[in-house]
Amino acid sequence: MSAEGTRRPRVGVLAVQGAVSEHEAALVDVGARTSRVRVPADLDGLDGLVIPGGESTTFGLVAGESGLLDAVRLRVDQGLPVLGTCAGMIMLARGIAGGGPQPLIGGMDIVVRRNAFGRQVHSFEAPVDVSVLGDPPVRGIFIRAPWIEQVGPSVEVLAEHGGHPVAARDATRIVAAFHPELTDDRRLHRLFVEGLGGSAAGTEHEEDTVVGAQ
Ligand code: GLN
């Protein structure tokens, strides 16, 4: 590690539901420190935040009651970088197509459709070409996944499946309809962590110094 103090970014993982430990493992693999976010105070000192999948309505309900949803919205509006997967992507959308109102974090200029790939296809895998990740395609694990139905000018589509955007980013957010944390492919987490301005570069050499999640 170089002397000029490469600092490992601290990334919080919203620990309301979903694949929390899988995200933590992926983040540690790409050189981040992690901590779990359960109450608003857990957001202090974070360089980034991951919102895992799960059920967006449950998430909105639980986090709404505890005040966590408002606290996250405030920090995200202030520019805290976020990676949202599946339900996490839904939470960051500004709206939901064809659905009733439900509590969201919002802030990203996308409209998503929940459970978009059809009732009979609750879950499937498909190779997904993510433009900024190059070859090979990502192994996309879709679990009752949403797709993105509308994209505003501030948003760059990173991947499509079946003609529908399934990954995107804007200045501070990366979202995916699939679950990279359930694969060994760390490229999307690396893209996120490298964008935090911490020390993700060179993590390959630091592997042996990385300690596990708290
Ligand atoms: N179907 C879920 C929802 O609508 C998302 C599924 C997931 O996160 N794997 O919130």
Side-chain angles (χ1 to χ4, degrees), residues 11-27 34 36-38 48-66 68-70 72-73 76 82-128 130 137-151 155 157-162 164-169 173-189 192:
V11 179
V13 180
L14 270 192
V16 174
Q17 58 170 359
V20 174
S21 56
E22 287 85 349
H23 272 296
E24 288 173 333
L27 290 163
T34 67
R36 295 188 174 190
V37 175
R38 292 195 183 88
L49 179 69
V50 170
I51 308 180
E55 201 55 43
S56 56
T57 45
T58 308
F59 183 79
L61 203 69
V62 175
E65 277 171 5
S66 68
L68 187 57
L69 203 62
D70 289 339
V72 170
R73 189 181 300 112
V76 170
V82 192
L83 170 66
T85 55
C86 204
M89 175 174 102
I90 296 170
M91 294 307 298
L92 292 169
R94 70 169 170 79
I96 296 183
Q102 68 180 75
L104 298 174
I105 294 162
M108 189 167 188
D109 196 359
I110 55 173
V111 173
V112 301
R113 182 172 293 275
R114 296 178 59 203
N115 306 317
F117 289 97
R119 256 169 217 273
Q120 65 278 40
V121 194
H122 281 329
S123 187
F124 62 95
E125 276 189 45
V128 178
V130 181
V138 165
R139 186 179 145 220
I141 299 180
F142 294 82
I143 303 170
R144 303 209 309 125
W147 67 44
I148 300 171
E149 206 148 295
Q150 288 175 41
V151 174
V155 175
V157 172
L158 300 179
E160 296 190 351
H161 180 73
H164 302 279
V166 290
R169 69 176 171 186
R173 288 160 281 237
I174 299 174
V175 292
F178 48 90
H179 288 265
E181 77 282 6
L182 300 183
T183 74
D184 295 336
D185 190 331
R186 300 305 192 214
R187 286 176 293 167
L188 200 71
H189 287 83
F192 177 63

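Hydrogens, waters and symmetry mates are skipped; everything else that's a heavy atom, side chains included, is used. Every value quoted in this text rests on a predicted model; they were computed, and no experiment measured them. Just so you know, ligand 1 is whichever comes first in the structure, and atom 1 is the first atom listed for that ligand.
Neither side chain, His23 nor Thr34, offers a donor N or O lying under 3.5 Å from an acceptor on the other.
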Write 'none' if nothing qualifies; otherwise put on separate lines each N/O atom of ligand 1 with a protein N/O atom under 3.5 Å away and their distance to 0.1 Å.
unit_1, atom_1, unit_2, atom_2, d
ligand 1, 1 (N), Asn115, OD1, 2.7
ligand 1, 1 (N), Arg144, O, 2.9
ligand 1, 4 (O), Arg114, NE, 2.6
ligand 1, 4 (O), Arg114, NH2, 3.0
ligand 1, 8 (O), Gly54, N, 2.9
ligand 1, 8 (O), Gly54, O, 3.0
ligand 1, 8 (O), Ala87, N, 3.0
ligand 1, 9 (N), Ile143, O, 3.0
ligand 1, 9 (N), His179, NE2, 3.0
ligand 1, 10 (O), Ser56, N, 2.7
ligand 1, 10 (O), Ser56, OG, 2.8

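Applying the salt bridge (Lys or Arg N to Asp or Glu O under 4.0 Å) definition to pairs two or more places apart or across chains, none involves residues 175-184.
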Do any side-chain atoms of residues 94-105 form donor-acceptor pairs under 3.5 angstrom with protein atoms, and if so which ones, sequence neighbours left out?
unit_1, atom_1, unit_2, atom_2, d
Arg94, NE, Asp109, OD1, 2.7
Arg94, NH2, Gln150, OE1, 3.3
Gln102, OE1, Arg114, NH1, 2.9
Gln102, NE2, Ser56, OG, 2.9

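Remark: the backbone N or O of Leu182 is not paired with any side-chain donor or acceptor of Arg139 at under 3.5 angstrom.
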### Task
List the steps and the verdict of side-chain contact (heavy atoms from CB on, under 4.5 Å) for Leu49 and Leu14.
CA-CA 7 Å; Leu49 179 69; Leu14 270 192; 4.2 Å; yes

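Every residue two or more places apart in sequence or in another chain that forms a side-chain contact (heavy atoms from CB on, under 4.5 Å) with Thr58 is listed here: Gln17, Glu55, Val62.
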